[in-house]
Amino acid sequence: THSDHLGATSGPDPASFLGVRSRRPAQQWPSTTAWAPAYTPSPWDTTPPPATTTTTRKKTLANIDRKRIWWATRQMIGCTALFAGIFMWCCYFPFLYHSEQALFEKKGIQGRDLDTFLSYRFNTWMAEGGIKSQMVILAIGTLTLLTVGGLLYWILYGGSPVTGMWVVFVWASAASVDPMEPAVLGVIGIIATSGGLILLAILLTAIADFFTRKLETMKAGRGPVVEGGHIVILGHSTCNKQLLEELALCGLDTKPKIVLILSSQPKTEVEDEIHNMNTDLGDLKLLIRNGEICDKTDLFKVGADVASRIVIPEDPTLSSDESDAVIFGVLLTLQGAGWPLNDGYVAAQSCIGKNVDFMTKLHPGKSFVLSGERLGQLMVQGALDQGLCNIWNQLIGFSGDEFYTSPAEDLGLGGLSFNEIPYKCPKTIPLGIRTNAGEFLINPPKTYKVNKDDTVILLADDDDAVRPADVFWDYSVWASRRAEAQFCEDGGSEPQKIKVLICNFVERGAGPAILNALEAMTAFGTEVELYTTLSEEEVNEVLENTQRKNEQTFENIKVTAVHTTPSHSMAAMCRLKQLPLKKYDEMFLLADNSLGPVMADKQTVAMVVQMKALLEERVQDAEFQPMVEYCTDNAGNQLSLVGIQNLINTSSLMSRALAMVAIDTTAHGVLCDLLSTDGNNLDIMYLSYYLAPGEQLPRELNFAEATAIVNRAAQQVIIGWSEGNGSEKEWVINPKDKLRSRPWTPEDKLIVIKDV
């Protein structure tokens with residue numbers, strides 16, 4: 001036993017308690033034990049026992065066995081702790097350091113050093129881990145103290161390091177040192193006790209205070225972000241919910257999974273709003289920082305220079321001009337700094353269509369700008385062709401078919417005409433070509449020869465469907481048995497004179513864009529009535545500004561009446577009764593975004609339900625199908641329950657479009673063409689428009705033959721068709737089995753991309 005701790009007759013020795021022998025002669029304890037260390041067990045009587053009976057011997061043997069088991073258990077725990085401490089400092093921490101260094105080098109973050117990166121990573125770990133992180137630090141500190149103390153005990157005193165760990169632990173926790181011990185052991189004890197006190201003090205005071213300040217900085221969103229290849233969203237509004245959820249839906253392995261929002265609002269306020277909106281972040285890691293989106297210092301703080309994408313949504317709390325002015329400032333700041341570096345780019349949303357070219361030129365080659373002004377034309381077109389809005393909802397976003405690209409050579413399409421390649425794509429639909437010069441050709445001429453350097457733009461369910469395939473439909477054989485045909489839309493080219501009602505007309509919403517679309521798509525004499533909170537003078541000012549911004553004068557349309565109503569009475573039955581609902585050919589019910597998405601939807605649903613009831617009272621079996629703008633999915637479901645089919649969430653559409661551009665610039669090329677006023681657009685057509693004179697409508701049809709019929713008659717791309725009739729009608733994009741025949745009726749329609 002370790003007899004220099006305790007005498008053989010005075011009681012057990014703490015070292016012998018762990019089964020370790022000393023190399024020094026034993027010493028006896030004095031007759032009194034009043035000064036013995038606080039942790040010393042009660043003295044044992046070591047006087048040889050008298051002769052015992054058999055029962056006494058059995059008890060003694062049992063005690064010895066228990067002591068051996070307890071000794072072995074202590075040795076196992078001690079050795080495990082000692083090995084863990086040595087492994088932690090000799091292996092794990094060096095490996096962790098080199099891993100973080102490799103990650104820093106892999107990210108290629110310019111303008112930051114490794115120390116800043118490590119500090120950022122530690123602060124982020126502390127902020128995300130909370131009390132768990134503090135407990136890990138406590139465990140690391142305790143294990144480090146025991147390991148170092150045990151090794152010092154072994155080196156300087158010659159005892160077992162396992163025994164030293166136990167002694168150090170007792171000293172650190174009880175802070176007692178036996179004054180009768182040798183000086184060396186006393187020094188070790190004092191060091192261990194001091195270390196224990198310092199560790200406890202740091203954990204209870206200094207560390208708590210330090211990390212409190214660190215956490216406060218992180219909670220305020222003022223700490224720097226040391227990342228690379230991430231997505232930075234500049235500005236926050238309720239539209240960010242759809243943007244984040246769409247980014248989370250993207251299934252590409254190459255997508256950035258770290259998303260950062262830089263907002264002038266407090267970080268906690270943004271976090272609470274995102275949480276309260278039940279935003280599904282999926283596999284995204286969301287970071288939020290507070291700052292000005294036009295300030296270069298704040299942009300550098302969030303890593304805008306090394307980001308792979310910078311997304312700038314519109315600010316719905318500002319006017320259209322003010323929102324675009326902010327984006328102008330951000331683009332100028334980024335252009336002046338040359339950010340983002342490398343292959344990074346900027347996806348921005350312009351409120352005014354005329355500003356798109358200016359924004360693109362501010363940061364050429366880096367900025368890809370979309371405008372929501374085209375959505376006005378989409379709403380008018382959707383009101384005239386019911387179902388078009390549902391098609392756009394399927395087409396934009398990552399929840400259904402998406403836009404993919406693949407080199408023509410990889411697909412084996414080089415040298416073929418654009419008319420031939422659809423029949424080598426059994427799971428996809430070719431939409432166009434991106435030339436080697438970067439030019440997008442959506443719906444090119446059928447005679448266009450695909451070069452080996454071209455990239456084919458496809459509509460596909462996922463990237464697994466984009467692969468080479470053999471010809472599955474022989475167009476030349478089919479065409480040789482058919483007469484030539486020319487596309488002829490019966491009465492489709494003549495604009496009509498209609499009477500329109502626009503509810504919730506304000507300058508910031510889709511109202512002005514709808515007026516521009518009505519001017520372009522209807523005949524002279526079209527009458528428009530406005531149901532609005534604006535006075536007649538304010539309406540006239542909005543009309544003048546709208547015409548001035550678009551450098552045109554309304555000639556085909558005329559605002560004949562303005563029904564001014566207080567905001568709190570917009571959904572009042574007494575106000576709605578004053579509207580001549582049965583006289584309107586088309587009605588547009590817009591969301592009042594100034595009320596917030598939830599309250600705006602409540603107002604919209606109340607107006608729809610009451611207007612439907614009023615019209616049914618006045619006209620028996622009247623069909624009520626207005627174009628309704630909503631903000632939340634819950635409102636969309638409620639409106640569907642009352643039979644409304646023409647539904648559109650404009651903010652969600654633009655957010656999803658921005659998300660698509662943020663993932664791949666191919667989406668920008670396609671959407672800019674489809675959303676422009678002078679490119680291609682989506683349309684709904686009858687199959688009979690494509691048949692040759694005298695050709696009968698088929699009773700059965702597969703998608704490959706439908707593609708052949710369209711390609712024979714027009715420079716258009718068919719992307720889907722309708723299934724079912726009436727309220728059960730569904731729009732199917734990119735049918736996956738293109739050789740499966742289905743019944744075809746005169747009421748069935750095709751979805752095509754055609755040149756405006």
Side-chain angles (χ1 to χ4, degrees), residues 107 124 127-128 221 225 227-263 265 267 269-289 302-304 307-314 316 340 344-349 368 370 392-404 459-465 597-598 630-637 649-668 670-671 733:
K107 287 178 175 290
T124 303
E128 293 177 350
V225 172
E227 294 286 354
H230 56 300
I231 297 177
V232 175
I233 300 175
L234 301 181
H236 173 70
S237 68
T238 54
C239 300
N240 280 357
K241 170 182 168 64
Q242 289 85 5
L243 179 58
L244 292 170
E245 290 183 339
E246 205 60 37
L247 290 172
L249 279 175
C250 178
L252 291 177
D253 296 333
T254 56
K255 79 170 184 180
K257 295 185 179 180
I258 298 178
V259 180
L260 188 144
I261 297 177
L262 176 63
S263 173
Q265 300 171 245
K267 179 186 176 184
E269 183 178 322
V270 176
E271 289 175 334
D272 291 343
E273 187 168 1
I274 291 175
H275 175 74
N276 293 336
M277 290 189 294
N278 298 319
T279 306
D280 184 6
L281 296 176
D283 59 350
L284 297 181
K285 177 183 178 181
L286 180 63
L287 305 174
I288 299 171
R289 291 295 183 268
V302 298
S308 61
R309 282 86 163 169
I310 298 176
V311 183
I312 316 176
E314 67 168 340
Y345 60 88
V346 181
Q349 178 183 353
F368 298 86
L370 293 175
W392 273 102
N393 281 329
Q394 294 186 57
L395 196 60
I396 297 182
F398 297 109
S399 57
D401 288 80
E402 308 161 29
F403 305 126
Y404 290 90
L459 188 63
D461 185 39
D462 54 45
D463 53 357
D464 293 334
V598 176
Y630 66 97
C631 300
T632 63
D633 293 338
N634 184 51
N637 295 332
N649 187 337
T650 54
S651 61
S652 175
L653 275 179
M654 288 309 302
S655 295
R656 285 185 280 161
L658 271 180
M660 295 179 72
V661 176
I663 297 299
D664 191 350
T665 56
T666 300
H668 178 263
V670 177
L671 293 176
I733 303 293

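Just so you know, residue 1 is the first one in the sequence shown, and it goes up from there.
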Practice prompt. For the residue pair Phe403 and Leu459, establish whether any side-chain heavy-atom pair is separated by less than 4.5 Å.
Written response: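 Side-chain contact under 4.5 Å: yes.
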
Worksheet item: Is any side-chain heavy atom of Met277 less than 4.5 Å from a side-chain heavy atom of Leu244?
Response: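 Counting from C-beta outward, Met277 and Leu244 never come under 4.5 Å.
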
Would you find a donor on one side and an acceptor on the other, under 3.5 Å apart, between the side chain of [X] and the backbone of [Y]?
X: Arg656; Y: Gln242; result: no
X: Ser308; Y: His230; result: yes
X: Asn637; Y: Asp633; result: yes
X: Glu245; Y: Asp280; result: yes
X: Asn649; Y: Asn393; result: no
X: Ser655; Y: Cys239; result: yes
X: His668; Y: Ala347; result: no
X: Asp461; Y: Asp401; result: no
X: Tyr345; Y: Ala662; result: yes

Item to complete: Quick one: do Thr666 and Asp664 satisfy side-chain hydrogen bond (donor to acceptor under 3.5 Å, both in side chains)? Show the steps, please.
Response: CA-CA 5 Å; Thr666 300; Asp664 191 350; 3.3 Å; yes

Looking at every non-hydrogen atom in both residues, tell me the closest pair between [X] and [Y] and how far apart they are.
X: Pro256; Y: Gly229; result: CB-O, 3.4 Å
X: Leu281; Y: Ala248; result: O-CB, 3.3 Å
X: Lys241; Y: Asn278; result: NZ-O, 3.4 Å
X: Leu658; Y: Pro313; result: CD1-CA, 3.9 Å
X: Val270; Y: Gln265; result: CG2-CB, 3.8 Å
X: Val661; Y: Ala667; result: N-CB, 4.1 Å

Item to complete: Give a yes or no on whether a salt bridge exists between Asp283 and Lys255, defined as a side-chain N under 4.0 angstrom from a carboxylate O.
Response: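 Salt bridge between Asp283 and Lys255, a charged N being under 4.0 Å from a carboxylate O: yes.
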
Quick check for you: to the nearest 0.5 Å, what is the distance between [X] atom [atom1] and [Y] atom [atom2]?
X: Leu252; Y: Asp462; atom1: CG; atom2: CG; answer: 9.5 Å
X: Glu227; Y: Leu260; atom1: CD; atom2: CG; answer: 8.5 Å
X: Leu286; Y: Lys257; atom1: CG; atom2: NZ; answer: 15.5 Å
X: Ile261; Y: Ile231; atom1: CD1; atom2: CD1; answer: 11.0 Å
X: His236; Y: Ile288; atom1: NE2; atom2: CD1; answer: 7.5 Å
X: Leu653; Y: Ile396; atom1: CG; atom2: CD1; answer: 5.0 Å

Worksheet entry | Met660/Leu370 under side-chain contact (heavy atoms from CB on, under 4.5 Å): CA gap, chis, key distance, verdict | CA-CA 11 Å; Met660 295 179 72; Leu370 293 175; over 6 Å; no

Discussion item. Show, in sequence, the C-alpha distance, side-chain angles and deciding distance for Phe368 and Leu671, and conclude whether the side-chain contact (heavy atoms from CB on, under 4.5 Å) test is met.
Written reply: CA-CA 11 Å; Phe368 298 86; Leu671 293 176; over 6 Å; no

Practice prompt. Please lay out, stage by stage, how Asn240 and Ile274 fare under the test side-chain contact (heavy atoms from CB on, under 4.5 Å).
Written response: CA-CA 8 Å; Asn240 280 357; Ile274 291 175; 5.8 Å; no

Discussion item. Please determine whether the number of non-hydrogen atoms from other residues, nucleotides or ligands lying under 6.0 Å from atom CG of Asp253 exceeds 12.
Written reply: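 No, because the 6.0 Å sphere around CG of Asp253 holds 12 heavy atoms or fewer from other groups.
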
Fill in: Trace of the side-chain contact (heavy atoms from CB on, under 4.5 Å) decision for Val311 with Leu247
CA-CA 12 Å; Val311 183; Leu247 290 172; 5.9 Å; no

